[in-house]
Amino acid sequence: MLKIENLQVKLEEEDKQILKGVDLEVEAGKVHAIMGPNGSGKSTLSYVLSGRDGYEVTGGSAHLLGEDILDMEPEERAAAGMFLAFQYPVEIPGVGNMTFLRTAVNAQRVARGEEEMSSTDFLKEIRAKAKELDIDAEMLKRPVNVGFSGGEKKRNEILQMAMLEPKLCILDETDSGLDVDAMKLVADGVNKLRAPDRGFLVITHYQRLLNHIQPDVVHIMSDGRIVKTGGPELALEVEENGYGDILSENA
């Protein structure tokens, strides 16, 4: 599904190399987790995949479902099936959740050559998705993320994900700032969206999120590269012993 080969990226403003040769393949139906110390390049990887400005690809490639995504605009990547859940979701005052979501859904449908969803069909769909994800219908009537708690913002992103039905979901430290109860609710939402034709890339500092979103594969990232890959037990090893032993193995 997602295939990254020798991806090298620098920060444009500082002319600083961040990613130094990332190799990664995420299969359909699988959840891959990336862990690593601060500054290892985890969030940079998510930003580059989603098309954020400020980064220059200096080498390597990234393909989603066989398509080269690095030359695509962010909206083209979204239409191709990519979704990024932000570490800190932004507020959009004056724009209602329903309006925002219907606009996003129909923009992607048009980009794929499909018919727009009617107001009636959209309303039925979003109510059904909200109910399935245990999201209060009142959230749908509010401006996007305005006055939302941290947990509500993250759950709102899960609803966006459910409505857009992406092929690849990237969660960039979605557990940041969440208490245990909010994290469980968000994880439950993610687990309900797991599907045989959908892949997940979960970027996190902490094992605690992976207690609730069981990964199939765990990668450890350091200094712009993936230095070790294993099963869920690798995250437990990090939780117990930190990154020191793993990083010294690869020094």
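The figures here come from the full heavy-atom set of this structure, side chains too, leaving out hydrogens, waters and symmetry mates.
- Rounded to the nearest 0.5 angstrom, Thr58 OG1 and Lys20 NZ are separated by 11.0 Å.
- Residues Met117 and Arg102 share a closest heavy-atom pair of O-NH2, 3.2 Å.
- Between the side chain of Asp172 and the backbone N or O of Leu84 there is no donor-acceptor pair closer than 3.5 Å.
- At least one side-chain heavy atom of Arg194 sits under 4.5 Å from a side-chain heavy atom of Val31.
- Proximity of Glu67 to Glu76: side-chain heavy atoms (C-beta onward) are nowhere separated by under 4.5 Å.
- Between the Asn191 side chain and the His212 main chain, a donor and an acceptor come within less than 3.5 Å of each other.
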Evaluation steps, side-chain contact (heavy atoms from CB on, under 4.5 Å), between Leu49 and Leu2: CA-CA 10 Å; Leu49 290 175; Leu2 174 68; 4.2 Å; yes
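- Put simply, Ile135 and Leu185 are part of two different groups of oily side chains (I, L, V, M, F, W, Y) that touch within less than 4.5 Å, one to the next.
- At least one side-chain heavy atom of Leu159 sits under 4.5 Å from a side-chain heavy atom of Leu101.
- Asn6 contributes no side-chain N or O that, together with a main-chain N or O of Gly21, makes up a donor-acceptor pair within less than 3.5 Å.
- Within the 4.5 Å cutoff, side-chain heavy atoms of Glu5 are placed close to those of Asp23.
- Distance alone, capped at 3.5 Å, is enough to place a donor-acceptor pair between the Arg142 side chain and the Gly147 backbone.
- Listed by chain and number, the residues in a side chain to side chain contact (heavy atoms under 4.5 Å, CB included) with Asp134 are Arg155, Lys192 (sequence neighbours excluded).
- In plain terms, the two heavy atoms of Glu116 and Arg109 that are nearest each other are C-NE, 4.0 Å.
- Residue Met98 comes nearest to Leu140 through the heavy atom pair CG-O, 3.1 Å, listed as atom of the first residue, atom of the second, then distance.
- With contacts defined as side-chain heavy-atom distances shorter than 4.5 Å, the pair Leu201/Leu24 qualifies.
- Minimum interatomic distance between Glu165 and Arg198 (heavy atoms only, all atoms of both residues): CA-NH2, 3.6 Å.
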Please lay out, stage by stage, how Ile4 and Leu45 fare under the test side-chain contact (heavy atoms from CB on, under 4.5 Å). CA-CA 10 Å; Ile4 300 171; Leu45 178 60; 4.0 Å; yes
Verdict with supporting geometry, Lys42 and Glu173, side-chain contact (heavy atoms from CB on, under 4.5 Å): CA-CA 9 Å; Lys42 303 185 302 298; Glu173 300 190 22; 4.0 Å; yes
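- Counting heavy atoms from C-beta outward, Met161 and Leu171 have side chains that approach closer than 4.5 Å.
- Of the possible donor and acceptor atoms, one in the side chain of Ser50 sits under 3.5 Å from a partner among the backbone N and O of Ser46.
- Between His32 and His219, the two ring planes are parallel [angle under 30°; tilted spans 30° to 60°].
- With hydrogens and angles ignored, the 3.5 Å screen pairs a side-chain donor or acceptor of Glu233 with a backbone N or O of Gly231.
- Under a 4.0 Å N-O distance rule, the pair Lys154/Glu157 does not qualify as a salt bridge.
- Under the 4.5 Å side-chain heavy-atom criterion for grouping Ile, Leu, Val, Met, Phe, Trp and Tyr, Ile203 is connected to Leu11 within one hydrophobic cluster.
- A distance of 5.5 Å separates CE of Met35 from CG of Leu210, quoted to the nearest 0.5 Å.
- Looking at every heavy atom in both residues, Gly199 comes nearest to Met1 through N-SD, 3.5 Å.
- Residue Leu234 holds its CG atom at 10.0 Å from CD of Gln207, rounded to the nearest 0.5 Å.
- Contact detail for Val105 and Phe122: the closest heavy-atom pair is CG2-CE1, 4.4 Å.
- Between the side chains of Asn156 and Glu152, no donor-acceptor pair of N or O atoms lies under 3.5 Å.
- Listed for the Arg77 side chain is a donor-acceptor partner under 3.5 Å among the backbone atoms of Leu70.
- Considering Ile158, Leu133, Val202, Leu209 as possible partners of Val190, the one that fulfils the side-chain contact (heavy atoms from CB on, under 4.5 Å) test is Ile158.
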